[in-house]
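Throughout, protein chains are lettered first and strands after them, A, B, ... in sequence-line order, and every chain is numbered starting at 1.
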Number of protein chains: 2
Amino acid sequence: MVSISDVAHEAHVSKMTVSRVINHPEQVSAEIRTDVQRVISQLGYVQNRAGRALANNRHYNIAFILLDDVNEIEPYYAHLLMHLTDSLRNEGYTLEMRHDRNFDLTNVDGFLVCGARHSDFDVLNNLPIPVVIYGTEAGITSVDIDNKAGTYLATQLLINRQYQHLLFLGMAIDEPFETNREAGYRQAMQEAGREPEIHHLPNNEQIALQFLQNNQLSANTGIIAATDRLGLGALRASRHQGLAVPDEVGIVGFDGIYIHQLAEQSLTTVQQPLKEIAEKMVQLLLAELAGEIVTSEYIVPELIHGETTMSKN
Amino acid sequence: MVSISDVAHEAHVSKMTVSRVINHPEQVSAEIRTDVQRVISQLGYVQNRAGRALANNRHYNIAFILLDDVNEIEPYYAHLLMHLTDSLRNEGYTLEMRHDRNFDLTNVDGFLVCGARHSDFDVLNNLPIPVVIYGTEAGITSVDIDNKAGTYLATQLLINRQYQHLLFLGMAIDEPFETNREAGYRQAMQEAGREPEIHHLPNNEQIALQFLQNNQLSANTGIIAATDRLGLGALRASRHQGLAVPDEVGIVGFDGIYIHQLAEQSLTTVQQPLKEIAEKMVQLLLAELAGEIVTSEYIVPELIHGETTMSKN
DNA sequence: TTGTAAGCGTTATCAG
DNA sequence: CTGATAACGCTTACAA
């Protein structure tokens, strides 16, 4: 491996000059700078990050910790991960994949965390390096979608499309993102002077299907589902009951990666803008690393119009 | 950060002794060893990997390069990635996520590559560090499922279940995994004295559905699909045509992560054993790093029985 | 603007 | 079995 000394020697300058050309090019005279750059590319020199890390007490490496159980990993994590990888690389950082609760500080400058539970927040709050989580938790820098705004949009869509009976299919868990999704529905309903109807189910399309089979849907029903899986169950229940989608039943899901595309009819859904989320997470983390004080951010998701809601006219 | 010197000082030994306790404990007397270990945990010392990397000319870091387009990333990559992360960590290595064709050697000891195209193999073959790919390519160490064995199993299943008319839905691409999947079908058919019928389609459930709509299926048909997406299309086509699955039409997919669970009826499928694949990939890469000569490996996939094939009797 | 010296944390080598 | 020394590649601080 060619090192900075090789470059220095070949360019007839000191190691420091080479280092400056790389890190502070403006401090080097134009002539020497181009000369050194030429040698760098001639020799194919690349910085040894271990050396730099040691000298700087920085690793230029961020750990992405995915805490969900392997079997529950939804496909959109793969997309979030790709976007995080790209965003970090743009900033000269590297992404190290993690999958455990050790929160091992070795080799990293910060953490990006996904799927953290309540029990993790205590630990995360007391880490000596910056942390940004995907989700919402007071006291930790986070990026989240505005879940409430998402279901608010979804509910308004179904109202506008003239569905009469609007019900919310929520998840049977006590997490902020669930309560917020429910809140968006409630608010839109209240503003429209409608009476909310809410059911909580495990996040599984089979169970949603069975549940709705036991509760005959009426024609002209709009279903706001807290997830695409629940939306998928609603779609199947409607078909089983002989109700036409979207003419008699309208359905909006939530999450917007993968599942909605695979449904029998493409699902209208509230899409998580993963690229934007990834960029914000990286931006906040690097700002913290630079010593800035940052505040959590919420990103408003977007409605994707599929075949389970009536089109405008 | 507490360093090896702090531990050495506190334990009244030299840095080297601490280093030995960590890397070659058998070279240290039992008494001193336990003493040093106590101090290590008292002080919460963790190795600085940059220092170690510099001294050893090793990084203990492997890049996982996912070359597929973001939009085409199938969910099972997320699972493969998790398993790779776990396997590497077990061996004291770290996984660095990559998503580009730079094949940047900085900071890594080896590459694990997924989704490589023909045009990549030239580069991959001439890298100065070990590479293991997921897939098949002569001249590069690889781990792959035995695609032929998979479709062979699938075809035999449909033969055993007494489906008369057996057709293969392949992908319209010229890649070894496709030809191998086709070959498994061909072989099973030949052994059973049946005439093969093969169609090639883009890997998309909508297109498969349309294609089969234009080619009325007969009752008592068995469909071996080269992917779960194609299998899903076949399932929908059968239902559209009023054919009962699995009684009149039997369907087996291929891949076995996620899609088969979300189908209207759970799809019988040939499952990629991702954990095993990940473990093998890591094992081969580390063996190469250790200077061993290794050969590519093929893993026989497993049939997952769903609701799209008749049960035994 | 450029160079020199020292140090970041670790381990291989060699000496005791 | 244990320790001193030098080295890995790089950058900060200081000197010229």
Side-chain angles (χ1 to χ4, degrees), chain A residues 1-37 39-40 43-61 92-94 104-109 128-129, chain B residues 1-37 39-40 43-61 92-94 104-109 129 289-291:
Chain A
M1 274 284 73
V2 26
S3 82
I4 202 172
S5 306
D6 302 325
V7 176
H9 183 258
E10 187 72 17
H12 307 289
V13 294
S14 71
K15 291 195 294 179
M16 262 324 293
T17 300
V18 179
S19 176
R20 286 199 188 92
V21 168
I22 296 166
N23 299 302
H24 311 286
E26 74 284 358
Q27 294 176 14
V28 181
S29 69
E31 193 187 7
I32 293 191
R33 195 192 316 140
T34 52
D35 216 46
V36 169
Q37 279 160 341
V39 174
I40 284 179
L43 266 46
Y45 165 75
V46 286
Q47 238 183 1
N48 178 312
R49 307 194 83 189
R52 183 163 69 135
L54 216 43
N56 279 343
N57 197 25
R58 275 279 184 106
H59 293 91
Y60 303 95
N61 185 34
Y93 281 76
T94 252
D104 174 2
L105 301 168
T106 323
N107 212 24
V108 297
D109 301 320
I129 61 175
Chain B
M1 274 281 73
V2 25
S3 83
I4 203 173
S5 305
D6 302 325
V7 176
H9 184 256
E10 186 71 17
H12 308 290
V13 295
S14 72
K15 293 195 293 180
M16 264 323 293
T17 299
V18 179
S19 177
R20 286 201 188 92
V21 168
I22 297 166
N23 299 302
H24 311 285
E26 74 285 357
Q27 294 178 13
V28 180
S29 70
E31 194 186 6
I32 292 189
R33 194 192 316 139
T34 51
D35 217 46
V36 169
Q37 279 160 341
V39 174
I40 284 179
L43 267 47
Y45 165 75
V46 287
Q47 237 183 2
N48 178 312
R49 309 194 83 192
R52 183 162 68 133
L54 215 42
N56 279 344
N57 197 24
R58 276 280 184 104
H59 293 91
Y60 303 95
N61 186 33
Y93 281 76
T94 255
D104 174 4
L105 301 167
T106 323
N107 212 22
V108 297
D109 301 320
I129 61 176
L289 267 172

- Query: What residues, two or more places apart in sequence or in another chain, satisfy salt bridge (Lys or Arg N to Asp or Glu O under 4.0 Å) together with A:Asp104?
  - Reply: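 By the salt bridge (Lys or Arg N to Asp or Glu O under 4.0 Å) rule, A:Asp104 matches B:Arg89.
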- Item | Partner set under salt bridge (Lys or Arg N to Asp or Glu O under 4.0 Å) for B:Asp35, not counting sequence neighbours | B:Arg38
- Residues in side chain to side chain contact (heavy atoms under 4.5 Å, CB included) with B:Leu289, at least two apart? B:Arg58, B:Ile62, B:Tyr93, B:Asp109, B:Pro130, B:Leu286
Side-chain polar contacts of residues 7-21 of chain B - donor-acceptor pairs under 3.5 angstrom, sequence neighbours left out - could you list them?
from    : atom 1 : to      : atom 2 : distance (Å)
B:Ser14 : OG     : B:Met16 : N      : 3.4
B:Ser14 : OG     : B:Thr17 : N      : 3.4
B:Ser14 : OG     : B:Thr17 : OG1    : 3.4
B:Ser19 : OG     : B:Asn23 : ND2    : 3.4

Spacing between [X] atom [atom1] and [N] atom [atom2], to the nearest angstrom:
X	N	atom1	atom2	value
B:Tyr60	C:dT10	OH	P	13 Å
A:Arg52	C:dT10	CZ	C1'	20 Å
B:Asn48	C:dT11	CG	C1'	13 Å
B:Met1	C:dT10	CE	P	10 Å
B:Leu54	C:dG7	CG	P	16 Å
A:Asn107	C:dT10	CG	C1'	13 Å
A:Glu31	C:dT2	CD	P	9 Å
A:Arg49	C:dG9	CZ	P	19 Å

- Item | Axial bend angle, the helix from C:dT1-D:dA16 to C:dG16-D:dC1: five-pair end segments, nearest 10° |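 The end axes of the helix from C:dT1-D:dA16 to C:dG16-D:dC1 are about 40° apart, to the nearest 10°.
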Enumerate all atom pairs, one protein N or O and one N or O from nucleotides 12-16 of chain C, separated by less than 3.5 Å.
none

Please identify each residue that fulfils side-chain hydrogen bond (donor to acceptor under 3.5 Å, both in side chains) with [X], with sequence neighbours left out.
X	answer
A:Asn48	none
B:Arg33	none
B:Gln47	B:Arg52
B:Asn56	B:Tyr60

- Item | Smallest separation among heavy atoms of B:Arg49 and B:Gly92, with atom names | NH2-O, 3.1 Å
- Query: Do you know the tightest heavy-atom contact between A:Val2 and A:Gly44?
  - Reply: CG1-O, 3.9 Å
- Query: Is any side-chain nitrogen or oxygen of A:Thr17 closer than 4.0 Å to OP1 or OP2 of C:dG3?
  - Reply: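 A:Thr17 to C:dG3 OP1/OP2: side-chain N or O found under 4.0 Å.
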- Task: Report yes if some heavy atom in the side chain of B:Ile40 is under 4.5 Å from a heavy atom in the side chain of B:Ile22; otherwise report no.
- Result: yes
- Task: Take B:Gly51 and A:Ile22, find for each the nucleotide of DNA chain D with the closest heavy atom, and name the residue whose nucleotide sits nearer the 5' end.
- Result: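 Residue closer to the 5' terminus by nearest nucleotide: B:Gly51.
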- Task: Walking along DNA chain D from 5' to 3', note the first and the last nucleotide with an atom under 4.0 Å from a heavy atom of chain B, and give both.
- Result: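 First-to-last contact on DNA chain D, by the 4.0 Å heavy-atom rule, is D:dC1 to D:dG9.
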- Determine the contact category for B:Ser29: base if any of its heavy atoms lies under 4.0 Å from a base atom, sugar-phosphate if only primed atoms, P, OP1 or OP2 are that close, otherwise nothing.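 Counting heavy atoms under 4.0 Å across all strands, the contact made by B:Ser29 is with sugar-phosphate only.
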